Amino acid sequence: MGARLRIFLTREQDRTLLQLRTAEVPQKVKDRAEIIRLNAHGWYVEKIAAHFNLTLQTVREVLHNWKSKGLEGLWELPGRGGKSKWQEEDIIFLDWSLD
């Protein structure tokens with residue numbers, strides 16, 4: 001087994017992550033912020049994974065993203081998910097047909 005993955009936060013970082021719990025951000029961002037805080041407060045990856053019902057790898061990815069990217073690592077990268085297949089002509093047609 002390798003070394004334990006441990007995050008150390010400044011008071012300001014901890015306060016910022018705590019404020020994300022009540023901010024208007026996606027739930028995934030709130031969960032990732034809490035994962036980082038729990039790790040900084042001494043929780044091991046295994047316990048955090050069980051608490052959030054996530055895989056160990058997912059928790060490790062969140063912690064590694066925090067170490068390498070900081071707050072930016074909490075959000076999804078742009079371009080994720082399915083792309084819209086609607087064309088502008090389709091929307092214009094629908095607007096016209098509703099009149």
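The shown structure was predicted, so the numbers you read here are calculated from the model rather than taken from an experiment.
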Test log, rule side-chain contact (heavy atoms from CB on, under 4.5 Å), inputs H51 and W43: CA-CA 10 Å; H51 181 73; W43 286 39; 3.9 Å; yes
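- Residues that satisfy the side chain to side chain donor-acceptor pair (under 3.5 Å) test with S68, not counting sequence neighbours, are absent from this structure.
- Expressed to the nearest 0.5 Å, how far CG of L5 lies from CG of L63 amounts to 4.5 Å.
- For the pair R6 (side chain) and A40 (backbone), a donor-acceptor distance under 3.5 Å is present.
- Counting only heavy atoms from C-beta outward, the side chains of V62 and W66 never approach each other to under 4.5 Å.
- Not counting sequence neighbours, the partners of Y44 by the side chain to side chain contact (heavy atoms under 4.5 Å, CB included) test are R4, E46.
- Annotation for E12: atom CD does not count as buried by contact number, only 12 or fewer foreign heavy atoms lying within 6.0 Å.
- With values rounded to the nearest 0.5 angstrom, K67 atom NZ is found 8.0 Å from F8 atom CZ.
- In terms of heavy atoms, N65 sits closest to G73 at CB-O, 3.9 Å.
- Looking at heavy atoms from C-beta onward, I48 lies out of side-chain contact with V45 at the 4.5 angstrom threshold.
- Note that the CG atom of L17 and the CD1 atom of I36 stand 5.5 Å from one another [nearest 0.5 Å].
- Annotation: side chain of W75 is in contact with side chain of V25 (closest heavy-atom distance under 4.5 Å).
- Side-chain atoms of D14 do not come within 3.5 Å of backbone N or O of L9 as any donor-acceptor pair.
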Stepwise side-chain contact (heavy atoms from CB on, under 4.5 Å) check, H64 with K69: CA-CA 8 Å; H64 282 294; K69 301 175 187 170; over 6 Å; no
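- Atom CG of residue L20 and atom CD of residue E34 lie 10.5 Å apart, to the nearest 0.5 angstrom.
- Rounding to the nearest 0.5 angstrom, the gap separating the CZ atom in R60 from the CG atom in L54 is 12.5 Å.
- When hydrophobic clusters are built by joining Ile, Leu, Val, Met, Phe, Trp and Tyr residues whose side-chain heavy atoms come closer than 4.5 Å, directly or via intermediates, L18 is not grouped with I35.
- There is a side-chain donor-acceptor pair under 3.5 Å between Q27 and D31.
- Taken from OG1 in T22 to NZ in K30, the straight-line distance is 7.0 Å, to the nearest 0.5 Å.
- The pair R32-E76 meets the salt-bridge criterion, since a charged nitrogen lies less than 4.0 angstrom from a carboxylate oxygen.
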